[in-house]
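Keep in mind that what you see is a predicted model, and the values were worked out from it rather than measured.
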Amino acid sequence: MPDLPAPAQEQRLHPWSWLFELQQHLQQFLLPLVALLFFGSRRQDSEWPFHLVMLAVLAALAATALLHYLTYRYRIGEDTLTIRSGILERTRREIPFARIHNVVVHQNLLHRLFGVAELRLESAAGDKPEAQMRVLRLEQALELERLIRHRGGDTVPAGQGPQADAAPLLALPLPELVRLGLISNRALVVAAAALGALWQMLPRDMAEDFVRDQGRQAFGYASQLQLGASAWVGTGLVLLLLALLLMWLASIALAIVQYHGFRLGEAERRLTVERGLLTRLRSSVARRRIQAWTLREGALHRLFRRRQLRVDIAAGGGQEQEGRALKELAPLATPDDCDRLLQHLLPGVQWPPPQWRAVSMRGWWRLCLPALPIVAAATALGWHEFGAWGLLPLLWLPWSAFKAHRQVARMGYSIDPQRVAMRGGWWNRWWRVAELDKLQALRLDRSPLDRHFGTATLTLDTAGAAGAPPLRLRFLEETQARELMAQLGREMARRRLRW
């Protein structure tokens, strides 16, 4: 591993960093530049001014990227990272290593071609990273990541030195990636988002004319075939199965591209995740920064006997929008592997709990209320348009009632000297775990229906647990909720907040 320069010596970014900075600027201004080039090419008589403007814009972006490289300096101290940048407006940032919660090493194809990487340092708040070093040599970025991990205040277990590699906790081979693609069905989400974006971007008349013309052509072609009812049904089923097969294949491909080489490791009380086929991401976070743990299990998860393990960390929201934060410890794993991870990472916590305490079943039908106005509106519209067939939406009400009853029946919670756990859901099940040392606020709410049924809702707040579902206990008996709030309040008063 390369040696870092002396702590007092300032360093530059990689000599090619201005090129990656220019690439970022071009991505931001891509749409205006394309519009300028398009409208400039439409005017053949006087197109040279548009070309000059285009060249001037490109020259300005290149100069900005080059100036960023020339003015960006960083210095590695004993316990802080100092960054200086700017010409007219000079900025100096002091970032203590102990305040860095998440470290992300990002490599796309261009980065890998040049042997460099982008380093992002995230703190506990803010929509932007504390530092975004674009770019460093890959070896230098990994060494700086190791240095932050070593000097960030994490206790190094006995037998591990600062050079220790991350001990593997979980890996996803190709069969697991195939299962992940089938369960997530990401291609359907991507296709729906693409269609929605195209519908919004294209002029409404153009989109409607395209759909109308294609529909007429398809209907005219189908009418010439003169197929019977059974043939129509069979053709429709074949087309549906073909579409599902294509979606599944695309979902598997997306899962492989995103999670290829997935590896969860641990070193010096920091968790590190590496993944990605084309774009390689390496994200690490200190275990003490994790605020809550979430297990998820949908219907397809149960079919394949798998679950998902996610975490909430004390960090800002901007990183999640770019999909680079460490959120998934186990995108897909067996229930036993998920339980093993929780038992290893929370050694003082008993998991799974030996017993779950149930909530009140009074007023369980309250979960059906959001569906009532939608069903009523759909039924009224259907009756007006189709007569008796318009009453079909009413069939949703028995299913909604059955689902609501099962959801409340499965709700529960468990508290031990180290953590509070809760569970919920029925069709899509979830479990949430938070350590008592991470709790910082409690809230007791009672709606008019709660006052009628003698129940209450208790919400638990931690420093950064913004995941879904929230840490909330619903349908508690009022006395039970107040006793639980008093018990947790006493625990919070005698404990030191760790985040």
Side-chain angles (χ1 to χ4, degrees), residues 288 290-297 309-314 338-339 342-343 345-369 403-426 428-499:
R288 71 178 188 273
I290 298 177
Q291 302 297 302
W293 312 70
T294 305
L295 283 169
R296 288 185 175 275
E297 182 185 85
L309 176 59
R310 295 175 60 89
V311 293
D312 302 331
I313 61 176
C338 290
D339 292 343
L342 280 176
Q343 292 166 3
L345 299 174
L346 297 173
V349 171
Q350 186 176 6
W351 186 264
Q355 185 179 4
W356 293 93
R357 299 185 62 180
V359 300
S360 174
M361 291 297 296
R362 291 200 302 269
W364 58 266
W365 48 266
R366 283 178 278 175
L367 294 181
C368 303
L369 295 180
K403 185 174 67 172
H405 184 273
R406 297 303 302 166
Q407 283 181 323
V408 178
R410 195 180 173 278
M411 287 182 184
Y413 66 95
S414 175
I415 299 178
D416 64 21
Q418 298 297 328
R419 61 97 182 102
V420 55
M422 56 191 69
R423 70 178 186 181
W426 169 65
N428 295 312
R429 301 174 182 177
W430 55 266
W431 297 259
R432 293 272 278 169
V433 184
E435 297 175 86
L436 297 181
D437 292 342
K438 304 297 179 70
L439 299 181
Q440 66 175 3
L442 303 171
R443 189 178 78 240
L444 185 69
D445 298 312
R446 300 191 70 207
S447 66
L449 287 176
D450 280 323
R451 291 193 293 270
H452 175 74
F453 290 105
T455 57
T457 298
L458 181 62
T459 303
L460 287 62
D461 184 27
T462 66
L471 290 167
R472 181 180 300 156
L473 295 171
R474 302 181 62 187
F475 298 95
L476 293 173
E477 298 282 353
E478 180 185 1
T479 56
Q480 185 183 19
R482 296 190 183 279
E483 291 174 358
L484 186 58
M485 186 174 185
Q487 175 187 353
L488 294 177
R490 290 191 297 267
E491 292 291 334
M492 292 169 56
R494 72 180 185 86
R495 293 171 180 266
R496 181 180 178 182
L497 179 65
R498 295 189 301 111
W499 68 287

Original post:
Hey, are Arg451 and Glu478 close enough for a salt bridge, meaning a charged N less than 4.0 Å from a carboxylate O?
Top reply: no

Original post:
Between Arg288 and Asp437, is there a salt bridge with N-O shorter than 4.0 Å?
Top reply: no

Original post:
Looking at residues at least two apart in the chain, or sitting in another chain, which of them share a side chain to side chain donor-acceptor pair (under 3.5 Å) with Trp364?
Top reply: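 By the side chain to side chain donor-acceptor pair (under 3.5 Å) rule, Trp364 matches no residue at all.
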
**OP:** Give the intermediate values and the outcome of side chain to side chain contact (heavy atoms under 4.5 Å, CB included) for residues Met492 and Leu442.
**Re:** CA-CA 10 Å; Met492 292 169 56; Leu442 303 171; 3.7 Å; yes

Subject >> Identified side-chain contact (heavy atoms from CB on, under 4.5 Å) partner of Arg443 from the options Thr459, Leu460, Leu458, Asp461 >> reply: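 Option passing the side-chain contact (heavy atoms from CB on, under 4.5 Å) with Arg443: Thr459.
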
**OP:** Going by the side-chain contact (heavy atoms from CB on, under 4.5 Å) test, name the single residue among Thr455, Leu473, Leu476 that passes it with Val359.
**Re:**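 It is Leu476; the other options fail the test.
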
Find the distance between [atom1] ([X]) and [atom2] ([Y]) and round it off to the nearest 0.5 Å.
| X | Y | atom1 | atom2 | value |
| --- | --- | --- | --- | --- |
| Gln291 | Gln440 | CD | CD | 8.0 Å |
| Trp293 | Leu345 | CH2 | CG | 4.5 Å |
| Trp426 | His405 | CH2 | NE2 | 11.5 Å |
| Leu295 | Arg423 | CG | CZ | 13.0 Å |

Heavy-atom closest pair, residues [X] and [Y]:
| X | Y | value |
| --- | --- | --- |
| Ser360 | Val408 | O-CG1, 3.6 Å |
| Arg472 | Met422 | N-SD, 3.4 Å |
| Gln343 | Pro352 | NE2-CD, 4.1 Å |
| Ala421 | Trp351 | CB-CZ3, 3.9 Å |
| Asp312 | Arg432 | OD2-NH1, 2.7 Å |
| Leu436 | Pro417 | CD1-O, 3.7 Å |

Subject >> Residue pair Leu488, Ile415: steps toward the side chain to side chain contact (heavy atoms under 4.5 Å, CB included) verdict >> reply: CA-CA 9 Å; Leu488 294 177; Ile415 299 178; 4.1 Å; yes

Original post:
Are Arg474 and Thr457 linked by a side-chain donor-acceptor pair shorter than 3.5 Å?
Top reply: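 Distance-only check fails for Arg474 and Thr457.
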
**OP:** Check the pair Val420, Leu471 against side chain to side chain contact (heavy atoms under 4.5 Å, CB included), reporting the backbone distance first and the verdict last.
**Re:** CA-CA 10 Å; Val420 55; Leu471 290 167; over 6 Å; no

Original post:
Do any pairs count as a salt bridge (charged side-chain N to carboxylate O under 4.0 Å, His left out) and have a residue in residues 403-417, sequence neighbours left out, and if so which ones?
Top reply: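 Sorted result for residues 403-417: Asp416-Arg419.
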
Original post:
Side chains of Gln418 and Pro347: closer than 4.5 Å at any heavy-atom pair?
Top reply: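 When only atoms from C-beta onward are counted, Pro347 and Gln418 do not touch, as no gap falls below 4.5 Å.
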
**OP:** Show your reasoning for whether side chain to side chain contact (heavy atoms under 4.5 Å, CB included) applies to Phe475 and Leu367.
**Re:** CA-CA 11 Å; Phe475 298 95; Leu367 294 181; 4.1 Å; yes

